[in-house]
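Residue indices begin at 1 and follow the sequence shown. These numbers come from the heavy atoms of this one structure, side chains and all, not from hydrogens, waters or symmetry mates. Read the numbers this way: they start at 1 and go in the same order the structure lists the ligands and their atoms.
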Amino acid sequence: MTTPNTPITVGILGASSYTGCELLRLLSRHDGIQVAFVSSRSYAGTPLSTIFPALRGICDRACITPEDATAAQADCVFSCLPHGVSASYLLPFIERGIRVIDLSADFRLQDAAEYARWYGKDHPAPHLLSTAVYGLVEHFRDRIAGAAIVANPGCYPTGMLLPLLPLAARGGIDTARGPLITDAKSGLSGAGRALKLTSHFVEANESMSAYAAGQRHRHVSEMRRLLGDACAQAGTEMPHFIFTPHLLPVNRGILSTIYVPATIDARTCHHMLEEAYAAQRFIRVRPFGQLPALRDVVYSNYCDIGVTDVPDQDTVIIVSAIDNLTRGASGQAIQNMNCMMGFPEHTALGL
Ligand SMILES: NC(=O)c1ccc[n+]([C@@H]2O[C@H](COP(=O)([O-])OP(=O)(O)OC[C@H]3O[C@@H](n4cnc5c(N)ncnc54)[C@H](OP(=O)(O)O)[C@@H]3O)[C@@H](O)[C@H]2O)c1
């Protein structure tokens, strides 16, 4: 791998977001990049360090409007905009041959009809959907390196797919004996910085609630696509799965408990995951029976995975822990950028 000699320039659309702030926190450790622009509608003209005082001395650059940003130059652009908006703002960059990493869901599905069904509007560039590469680096590294558009994975799918893809691709999930159940709990930053009643301190603190149960969460479409492809690799059917997200009154982190109807016993499952990720720096598979906690991964790009059994039953329990803003969003986006731009993959992401 040859590292670029001159710093590359990056732009951030929607820099006034939680994921934008996290990108800048991490990029401040990256010697190989310079920030070319940061955008925000509501804070245009305001230094980013006024919005996020933690960035004082790190990024004091003033925000420009997203409209002005689309004419700006950069080698790589990150979008921290909401789905349904992001692809339209990225199009002018893509048309100019600038490589983009979309943290929203706009390029995660490959079927325009599926996108319209889950996101409630037509995609502005359906012809580009099949060209976007899903940015789960440990699984699609080679394609990401040459990609023009990288669809950064969703936070819940990251926590679910990292443990499940190796098992699905090796026929380890018993697709006839469902369902596969994922019960995921997310910190409140997962809901973004905009004001919402459910994220108010009094609503969320000392409580916990399920939402979008019954396969209603949009990330189901993304998980189904990736899990289906992995099962097809093994020549098996897509398992029937159920996904229920929960709001947890912490700032960051996603803990996913996954109940797998497996074709193999829990120790073999564990061994499969150990083997699959032995050479992957950001995936840590715990010794059998040890389960991860959020405190082990917050502010890091790690996904920690634990596997245990249910005595006298053939269900395997897998627990994964990630930081939604780092491994589930901005850390993963930088891992993708490093891969696309020829930097060592862990640059700016070490502990
Ligand atoms: N939060 C997470 O843990 C997480 C994890 C994975 C992926 N994501 C995805 O990453 C993206 C950013 O998430 P976030 O939670 O960081 O968002 P956020 O804190 O809610 O910020 C959203 C950003 O988009 C801008 N924006 C909102 N509506 C807009 C519009 N109609 N036109 C132009 N700009 C608009 C906002 O700023 P202005 O109003 O100032 O322009 C802000 O900069 C989303 O697509 C989200 O789904 C988030």
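Taking every heavy atom of Gly190 and a limit of under 4.0 angstrom, the matching atoms of ligand 1 come to 1 (N), 2 (C), 3 (O). Close contacts between ligand 1 and Gly14 involve ligand atoms 43 (O) [criterion: under 4.0 Å to a heavy atom]. Per-residue contacts place Gly192 under 4.0 angstrom from the following atoms of ligand 1 (heavy atoms of the residue considered): 15 (O), 18 (P), 19 (O), 20 (O). Set against the non-hydrogen atoms of Ser40, the atoms of ligand 1 under 4.0 Å away are 38 (P), 40 (O), 41 (O). Under a 4.0 Å criterion applied to the non-hydrogen atoms of Arg193, ligand 1 contributes the atoms 18 (P), 19 (O), 20 (O). Atoms of ligand 1 found under 4.0 Å from any heavy atom of Tyr18 (numbered from 1 in listed order, with element): 16 (O), 19 (O). Every atom of ligand 1 is numbered from 1 in the order shown, and the set under 4.0 Å from a heavy atom of Gly328 is 5 (C), 6 (C). Listed by number with element, the atoms of ligand 1 under 4.0 Å from a non-hydrogen atom of His83 are 45 (O).
At a threshold of 4.5 Å between side-chain heavy atoms, the hydrophobic network of Ile, Leu, Val, Met, Phe, Trp and Tyr places Val35 and Ile98 in two separate groups. Ile12 and Phe107 fall into different hydrophobic clusters, where Ile, Leu, Val, Met, Phe, Trp and Tyr residues are linked whenever their side-chain heavy atoms come under 4.5 Å apart, directly or through other members.
No heavy atom of Gly154 sits closer than 4.0 Å to any atom of ligand 1. Using a 4.0 Å cutoff on heavy atoms, Pro82 counts as a contact of ligand 1.
When only interatomic distances are considered, the shortest N/O to N/O separation between Tyr43 and ligand 1 does not fall below 3.5 Å. In terms of N/O distances under 3.5 Å, ligand 1 is not approached by Ala329. Considering backbone and side-chain atoms together, Arg108 places no N or O closer than 3.5 Å to any N or O of ligand 1.
Looking only at distances, no side-chain donor or acceptor of Arg41 sits under 3.5 Å from a matching main-chain atom of Thr65. Counting only distance, with no hydrogens or angles, the side chain of Arg286 and the backbone of Gly306 share no donor-acceptor pair below 3.5 Å. A side-chain donor-acceptor contact under 3.5 Å links Gln215 to the backbone of Phe243. Looking only at distances, no side-chain donor or acceptor of Arg224 sits under 3.5 Å from a matching main-chain atom of Met238. For Arg96 (side chain) and Leu91 (main-chain N/O), no donor-acceptor pair under 3.5 Å exists by modelled atom type. Under the 3.5 Å distance criterion, the side-chain polar atoms of Thr347 are left unmatched by any main-chain donor or acceptor of Phe343.
Protein heavy atom in closest approach to atom 44 (C) of ligand 1: Leu81 O, 3.4 Å. Among protein heavy atoms, the minimum distance from atom 38 (P) of ligand 1 is reached at Ser42 OG, 3.3 Å. For atom 14 (P) of ligand 1, the closest heavy atom belonging to the protein is Thr19 OG1, 3.8 Å. Here the protein heavy atom with the shortest distance to atom 30 (C) of ligand 1 is Arg41 NH1, 3.2 Å. Considering only non-hydrogen protein atoms, atom 23 (C) of ligand 1 sits nearest to Cys80 O, 3.5 Å. Of all protein heavy atoms, the one closest to atom 36 (C) of ligand 1 is Ser16 OG, 3.9 Å. Distance from atom 17 (O) of ligand 1 to its nearest protein heavy atom, with residue and atom name: Ser17 CB, 3.7 Å. Distance from atom 3 (O) of ligand 1 to its nearest protein heavy atom, with residue and atom name: Asn324 ND2, 2.8 Å.
Taking every heavy atom of both residues into account, Leu48 and Val38 meet most closely at CD2-CG1, 4.2 Å.
Between Thr9 and Gln73, the side chains place no donor N or O within less than 3.5 Å of an acceptor N or O (distance only, hydrogens not considered). Side-chain contact check for Asp183 and Ser256: no donor-acceptor pair (N or O, by modelled atom type) lies under 3.5 Å. Ser79 and Ser86 share a side-chain donor-acceptor pair at under 3.5 Å. Of the N and O atoms on the side chains of Gln335 and Asn301, at least one donor lies less than 3.5 Å from an acceptor on the other residue.
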- Task: Begin from the C-alpha positions of Asn152 and Asp102 and carry the test side-chain hydrogen bond (donor to acceptor under 3.5 Å, both in side chains) through to its verdict.
- Result: CA-CA 6 Å; Asn152 212 55; Asp102 188 3; over 6 Å; no
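Only the side chain of Val85 comes within 4.0 Å of ligand 1, judged by heavy-atom distances. The backbone of Ser189, and not its side chain, has at least one atom closer than 4.0 Å to an atom of ligand 1 (non-hydrogen atoms only; backbone = N, CA, C, O).
Note: Tyr115 and His123 have perpendicular aromatic rings, judged against thresholds of 30 and 60 degrees for the angle between ring planes.
Distances from atom 7 (C) of ligand 1 to the heavy atoms of Leu23, Leu103, Leu195, Leu325 put Leu103 nearest.
When distances from atom 20 (O) of ligand 1 to the protein are checked, a heavy atom turns up under 4.0 Å.
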